[in-house]
Amino acid sequence: MTLRIEDYALIGDLQSAALVGKDGSIDWLCLPRFDSAACFAALVGDEDNGHWRIAPKDAGLCTSRRYIGDSLVLETVWETRTGTVKVIDFMPQRDTTPDVMRIVEGVSGTVEMSAVLRIRFDYGSIVPWMRRADGHRVAVAGPDSVWLRSEPNVKTWGQQFSTRSSFTVGPGEKVAFVLTWYPSHMPRPELIDPHEALENSLGDWAAWSSDCASEGPYREAIIRSLITLKALTYAPTGGIVAAPTTSLPEELGGVRNWDYRYCWLRDSTLTLGALLTAGYLDEAKAWRDWLLRAVAGDPADLQIMYGVAGERRLPETELPWLRGYAGSIPVRIGNQAVEQLQLDVYGEVIDSLFVAREAGLASEKHAWNLQLSLLGFLESKWREPDEGLWEVRSPRRHFVHSKVMAWVAADRAVRTLEANPSIRGDADRWRAMRDEVHQEVCEKGYDPQRNAFMQSYGSDELDAAALLIPRVGFLPPDDPRVIGTVDAVRDELGANGALVRRYSTEGKAVDGLPGGEGAFLACSFWLVDALRMTGQVKEARELFERLLLLRNDVGLLAEEYDPVARCQLGNFPQAFSHIALANSALALSQEETAG
């Protein structure tokens, strides 16, 4: 049975992550990093491509599940005819090696449990050699080894290229399983007490969550989204991956399946804004510092995304042995969009550094020089067409959002120089660029007949990215052109009253791809922001609360939502969705406080 995307929950250790289904199966896990090859790939294949299930014998989906407090520790409960049992899943923040820990605890009665482990390295393509060593079951293939042990020891046996076990728990009885990845040429990894690790993990998350500066009616939604963003952070560098998964489809059975296990520069402004507003200065600084390292070099070589440590080469490859989630092929690793020209990222980088400076983060000596270099390149390139915000795989166009973000880059430079006269720079030069961009966008990107900004020059298509025009300050919220654009996007790209598509995929889609996609959740939150900014606060709040209902039972969102099938679509959980949710919630909370 294929679980729905929203039937999964996330656990992670700030360097990698796993998805745990309502049936007790971990169906996706990449070790030792987010972008490493998966050793459990059933999510985009089947059980033979690797999974680890622990559940009551012959049981189906769980009775209930939750995160324990403000943490990333998952508790899953089954109520059976013979008793009740819970499984606690987590990945403790690591020093060196990644561990997945699963603690089975009897609650009432007596429950017979069954466990099946199938390790399949290299995205489900390699069956490892299994052996026993030092009280462990050890799976080895090439550079990878995975060590499995239980406390207390339970009987395990091999069957059909899997490791199985069966045991019974009564009230208060616990059986803990620890799975550890380690380089295959190294000896046994150091043993970690799973029960002590659980207490430490709960304590670590509770301490981190207590620093959230937001109060009010949406605190739960804010803190769960911030915990998710923290879980998608690669702690050694501060980079934040867009999602921990690859190739979860934007349309069931379709081809819009992409690898999101990388760090997009575009997310930087929204991420920094959410972290700074919520009071997480350390995380904001780490992300800012990752950004500065990643973009350093020739501005002509700026990429839209990088690996978690700043890697630049992310070649796109298809994995033909995987049948795809719900038959959605191809399954891809790497991302060809890394080669695209997307001019808006220059504005987003400069804006994010401006936001950091305004929030009081200590300046880096080379940061301003880097921004001047990026501005100089953008000054010579902003008139050219590009692939735009949505990474279209079709001929380049003059996307309005790309031009607006070029305006943002020049505007933030001008504002920085005006506020800091001692900083070197030619304010008049950037002011002239700002004015020229603004004039061109208003002349070529705006359709007076429809009273709305279009997707690109000469196009008759709308784009939800135009909702960001008042947010970035290109025009004031009360400008009739802004109000007209908000109304047009809501009317023409809206679905089911609370959802917004990025753009139309009907007919000859602008992105050059066949098929369609769901409503884009980040865009739906952008509509919330636009409504709030244009004075429609009550409507914005009602829309936001309807969007909250789309989260799954543990508060997670994918990239998109299918309003017809009523299911989540796309990679999961999606940083962009949770960034947008947190920013909308924080702004609405501030509006309420101010009111």
Side-chain angles (χ1 to χ4, degrees), residues 9-21 24-33 36 38-40 50-55 68 71-76 85-106 113-121 128 130-141 144-158 162-169 173-184 186-205 231:
L10 178 76
I11 59 173
D13 64 0
L14 311 188
Q15 295 188 44
S16 186
L19 293 190
V20 187
S25 181
I26 298 179
D27 288 344
W28 182 254
L29 175 63
C30 299
L31 295 175
R33 301 191 339 175
S36 298
C39 61
F40 299 149
H51 76 116
W52 184 16
R53 184 167 190 246
I54 299 179
I68 300 176
S71 79
L72 204 67
V73 177
L74 180 69
E75 179 186 88
T76 304
V85 65
K86 62 185 177 182
V87 177
I88 297 174
D89 293 317
F90 66 105
M91 294 175 68
Q93 296 181 27
R94 68 175 97 159
D95 292 325
T96 53
T97 60
D99 300 283
V100 180
M101 299 190 175
R102 316 193 71 181
I103 300 177
V104 181
E105 181 176 349
M113 301 295 294
S114 174
V116 180
L117 171 68
R118 286 186 175 90
I119 295 288
R120 298 292 186 269
F121 294 121
M130 299 292 298
R131 61 186 174 88
R132 294 182 184 271
D134 298 330
H136 291 72
R137 282 271 186 168
V138 186
V140 177
D144 300 297
S145 72
V146 166
W147 297 62
L148 173 71
R149 77 177 197 274
S150 63
E151 296 183 6
N153 205 14
V154 298
K155 180 182 178 182
T156 63
W157 67 92
S162 65
T163 298
R164 298 172 181 254
S165 58
S166 179
F167 56 96
T168 300
V169 291
E173 294 180 342
K174 298 179 182 180
V175 177
F177 293 86
V178 179
L179 184 145
T180 303
W181 179 92
Y182 216 54
S184 60
M186 300 288 287
R188 187 194 74 182
E190 181 180 349
L191 300 184
I192 298 177
D193 185 313
H195 303 288
E196 182 179 335
L198 173 60
E199 294 303 314
N200 290 339
S201 290
L202 289 171
D204 289 343
W205 281 110

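None of these values were measured; they are calculated from a predicted model.
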Item checked: Side-chain touch T96/E190, heavy atoms, less than 4.5 angstrom -> no
Note to self: Let's go through L10 and L19 carefully: what are the C-alpha distance in whole Å and the side-chain angles of both, what is the deciding distance for side chain to side chain contact (heavy atoms under 4.5 Å, CB included) to 0.1 Å, and is it a yes or a no?
What the structure shows: CA-CA 5 Å; L10 178 76; L19 293 190; 4.0 Å; yes
Note to self: Consider side chain to side chain contact (heavy atoms under 4.5 Å, CB included). Of V178, D99, I88, which one does P194 pass it with?
What the structure shows: V178
Margin query: For a side chain to side chain contact (heavy atoms under 4.5 Å, CB included) check, start with the C-alpha distance between I11 and V100, then their side-chain angles and the critical distance, and finish with the verdict.
Written below: CA-CA 9 Å; I11 59 173; V100 180; 4.3 Å; yes
Check: Does some side-chain heavy atom of P92 sit less than 4.5 Å from a side-chain heavy atom of M101?
Finding: yes
Notebook entry, point to check: Which heavy atom of A139 sits nearest a heavy atom of P128, and at what distance?
Noted result: CB-CG, 3.7 Å
Check: Any side-chain heavy atom of Y182 within less than 4.5 Å of one from D144?
Finding: no
Note to self: Please find the pair of heavy atoms, one from S25 and one from D27, that lie closest to each other, and give the distance.
What the structure shows: OG-OD1, 2.5 Å
Checklist line | salt bridge (Lys or Arg N to Asp or Glu O under 4.0 Å) against R137, all qualifying residues, sequence neighbours excluded | finding: none
Next item on the list: For D89, check salt bridge (Lys or Arg N to Asp or Glu O under 4.0 Å) against everything at least two apart and list the hits.
Entry: R102
Next item on the list: Could you list the residues that satisfy salt bridge (Lys or Arg N to Asp or Glu O under 4.0 Å) with D13, not counting sequence neighbours?
Entry: R94
Checklist line | With T180, the side chain to side chain contact (heavy atoms under 4.5 Å, CB included) member among L191, T97, V138 | finding: T97
Next item on the list: Please examine the side chains of R131 and V140, heavy atoms only from C-beta on, and report whether any two atoms are closer than 4.5 Å.
Entry: yes
Check: Taking C-beta and beyond as the side chain, do S166 and W157 meet within less than 4.5 Å on heavy atoms?
Finding: yes
Margin query: Does I54 form a side chain to side chain contact (heavy atoms under 4.5 Å, CB included) with M113? I'd like the steps, not just the answer.
Written below: CA-CA 7 Å; I54 299 179; M113 301 295 294; 4.0 Å; yes
Check: Is there a donor-acceptor pair under 3.5 Å between the side chain of S162 and the backbone N or O of R118?
Finding: no
Checklist line | L198 CG to I68 CD1 distance, which is reported to the nearest 0.5 Å | finding: 6.0 Å
Check: Taking atom CZ of R149 and atom CD1 of I192, what is their separation to the nearest 0.5 Å?
Finding: 7.5 Å
Notebook entry, point to check: How far does CE of M91 sit from CD of Q15, to the nearest 0.5 angstrom?
Noted result: 9.0 Å
Check: Which distance, rounded to the nearest 0.5 Å, do you find between the CH2 of W205 and the CD of Q93?
Finding: 6.0 Å
Next item on the list: May I ask you to test the V146-L148 pair for a side-chain heavy-atom distance under 4.5 Å?
Entry: no
Check: With N200, which residues qualify under side chain to side chain contact (heavy atoms under 4.5 Å, CB included), at least two apart?
Finding: E196
Item checked: F121 versus A141, closest heavy-atom pair with distance -> CD1-CB, 3.6 Å
Check: Excluding sequence neighbours, so at least two apart, what forms ring pair (Phe, Tyr, Trp, His ring centres under 6.0 Å) with F177?
Finding: F167
Item checked: With sequence neighbours excluded, residues passing salt bridge (Lys or Arg N to Asp or Glu O under 4.0 Å) with E173 -> none
Next item on the list: Hey, can you tell me if W147 and H136 have their rings parallel, tilted or perpendicular (30° and 60° cut-offs)?
Entry: perpendicular
Notebook entry, point to check: Out of curiosity, R164 CZ to L117 CG, how far, rounded to the nearest 0.5 Å?
Noted result: 10.5 Å
Next item on the list: Of all the heavy-atom pairs spanning K174 and P152, show the shortest one and how long it is.
Entry: O-CD, 3.4 Å
Item checked: Atom pair CG (L31) and CG (L179), whose distance is rounded to the nearest 0.5 Å -> 7.5 Å
Notebook entry, point to check: Under the 3.5 angstrom rule, does the side chain of S36 hit a backbone N or O of C30 as a donor-acceptor pair?
Noted result: no
Check: So which heavy atom on S201 is nearest to which on V73, and how close?
Finding: CB-CG2, 4.2 Å
